[in-house]
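Single-structure report; data block below.
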Amino acid sequence: MSAPLFLVDELPAGQTFTLAGPEGHHAADVQRLRAGQALILADGRGGAVAASVLRVGRGSIDVALGVRTVTPAPDPCLVVVQGIAKGDRGELAVQAMTEVGVDEIVPWAASRAIAQWRGERGVRAREKWVSTAREAAKQARRAWLPAVGGQPDCSTPQVAARISTATAAFVLHEEATDRLSAAKLPDSGDIVLVVGPEGGIADTELGRFVAAGAVPVRLGDSVLRTSTAGVAALAVLATRLGRW
């Protein structure tokens, strides 16, 4: 089994380090690491250092630091514009997309979205997405944490503006004739993928995205839920880009 990963604000210097706070509590009291066990400390921005447990305290562990590595930022950058979903479907999508390699997630306030993020509710909902992405990245041993955009979400005009600056952009749509598996992909830059909410993407939204430079595509003959469509599409892209 691979060594567990714990996130720190900054990679520690020197030969030893005390991991405290929520991550230290998780290591000592939840995962119950023991002296001699290996782990990884990462900053979520590509930096990581191998470590081994020296001592376990109450809510903290002392570790010996070893080899340091730096993973370059992913390129192309995979950006998923995710239509806001009701209940926990959005969080399920964020979790799975993070595990399969999304680099940025943009919550989208689509016109047909059943759930609406407004005021404090929206702030809390976005924070859940951030927390979900963080935990999923740790589970997947990712060197880079995916960014979560939105303040707390993005409007259709904002999404169209993002598409217009991307190297390539695709909209998952059940009536599209082109398949994502055959679409032309760039070697670098941002690849934006738009996933609609439960109610689908309105014709006016689709038209605006196409005018901004997006290409409507489909994955296959079946219609996927909003919580699984982005995951399936990312798997296609990760395979075609050589990440998998």
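Remember, predicted model here, so these are calculated numbers, not experimental data. When reading the values below, keep in mind they use all heavy atoms of this one structure, side chains included, and skip hydrogens, waters and symmetry mates.
- Screening I201, L224, L193 against L172 for a side-chain contact (heavy atoms from CB on, under 4.5 Å) leaves a single residue, L193.
- Criterion: ILVMFWY side-chain heavy atoms under 4.5 Å apart, direct or through other members. Under it, V94 and I114 are not part of a common hydrophobic cluster.
- The hydrophobic clustering, which links ILVMFWY residues whose side-chain heavy atoms are closer than 4.5 Å, places I84 and V81 apart.
- Residues L39 and F6 form a side-chain contact, since some pair of their non-hydrogen atoms from C-beta on lies under 4.5 Å apart.
- L237 and V192 are members of different hydrophobic clusters when ILVMFWY side chains are connected at heavy-atom separations under 4.5 Å.
- Closest non-hydrogen pair, L65 versus A13, comes out as CD1-O, 3.9 Å.
- Residues Q82 and P107 have side chains not in contact (no heavy-atom distance under 4.5 Å, counting atoms from C-beta outward).
- When only modelled atom types and interatomic distance are considered, S111 and E205 share a side-chain donor-acceptor pair under 3.5 Å.
- Two residues are said to be in side-chain contact when any heavy atoms from C-beta on lie closer than 4.5 Å; R225 and T228 meet this criterion.
- Criterion: ILVMFWY side-chain heavy atoms under 4.5 Å apart, direct or through other members. Under it, V148 and L7 are not part of a common hydrophobic cluster.
- The main-chain N or O of A113 is found under 3.5 Å from a side-chain atom of Q116 such that the two form a donor-acceptor pair.
- The two atoms that bring A93 and V231 nearest to each other are O-CG2, 4.3 Å, heavy atoms only.
- Two residues are said to be in side-chain contact when any heavy atoms from C-beta on lie closer than 4.5 Å; L33 and P4 meet this criterion.
- The pair R58-D29 fails the salt-bridge criterion, with no side-chain N (NZ, NE, NH1 or NH2) lying under 4.0 Å from an Asp/Glu carboxylate O.
- Atom CZ of R240 has more than 12 neighbouring heavy atoms from other residues, nucleotides or ligands inside a 6.0 Å radius.
- Within the model, atoms CG of L5 and CG of L41 stand 8.0 Å from one another, a figure rounded to the nearest 0.5 Å.
- Contact record, I163 with A169: CG2-CB, 3.6 Å, taken as the closest heavy-atom pair.
- Salt-bridge annotation for D221 and R179: present, with a side-chain N of the basic residue lying under 4.0 Å from a carboxylate O of the acidic one.
- Counting only heavy atoms from C-beta outward, the side chains of T165 and D190 never approach each other to under 4.5 Å.
- Rounded to the nearest 0.5 angstrom, E135 CD and E99 CD are separated by 11.5 Å.
- The shortest distance between side-chain heavy atoms of R126 and K128 does not fall below 4.5 Å.
- Hydrophobic clustering (ILVMFWY, side-chain heavy atoms < 4.5 Å, transitive): L145 and I105 are in distinct clusters.
- In this structure, R45 and E10 have side chains that are in contact, with non-hydrogen atoms separated by less than 4.5 Å.
- A salt bridge links R243 with D103: the closest approach of a Lys/Arg side-chain nitrogen to an acidic carboxylate oxygen falls below 4.0 angstrom.
- Counting only N and O atoms by type, the side chains of S2 and R141 include a donor and acceptor under 3.5 Å apart.
- The two residues P216 and D178 come nearest to each other via the heavy atoms O-CB, 4.0 Å.
- The NE2 atom of H25 sits 11.5 Å away from the OG atom of S60 when rounded to the nearest 0.5 Å.
- Inspection of the W108 and S155 side chains reveals no N or O donor paired with an N or O acceptor under 3.5 Å.
- Listed by first and then second residue, the side chain to side chain donor-acceptor pair (under 3.5 Å) pairs involving residues 13-24 are T18-D62, E23-K138 (not counting sequence neighbours).
- Summarising the geometry of R142 relative to T98, their closest heavy-atom pair is NH1-O, 2.8 Å, with the distance given to 0.1 Å.
- With a 4.5 Å cut-off on side-chain heavy atoms, L234 and L78 count as touching.
- Applying the side-chain contact (heavy atoms from CB on, under 4.5 Å) test to A85 and every residue at least two apart in sequence or in another chain returns R89, E198, T226.
- The heavy-atom pair separating T167 from P186 by the smallest distance is CG2-CB, 3.4 Å.
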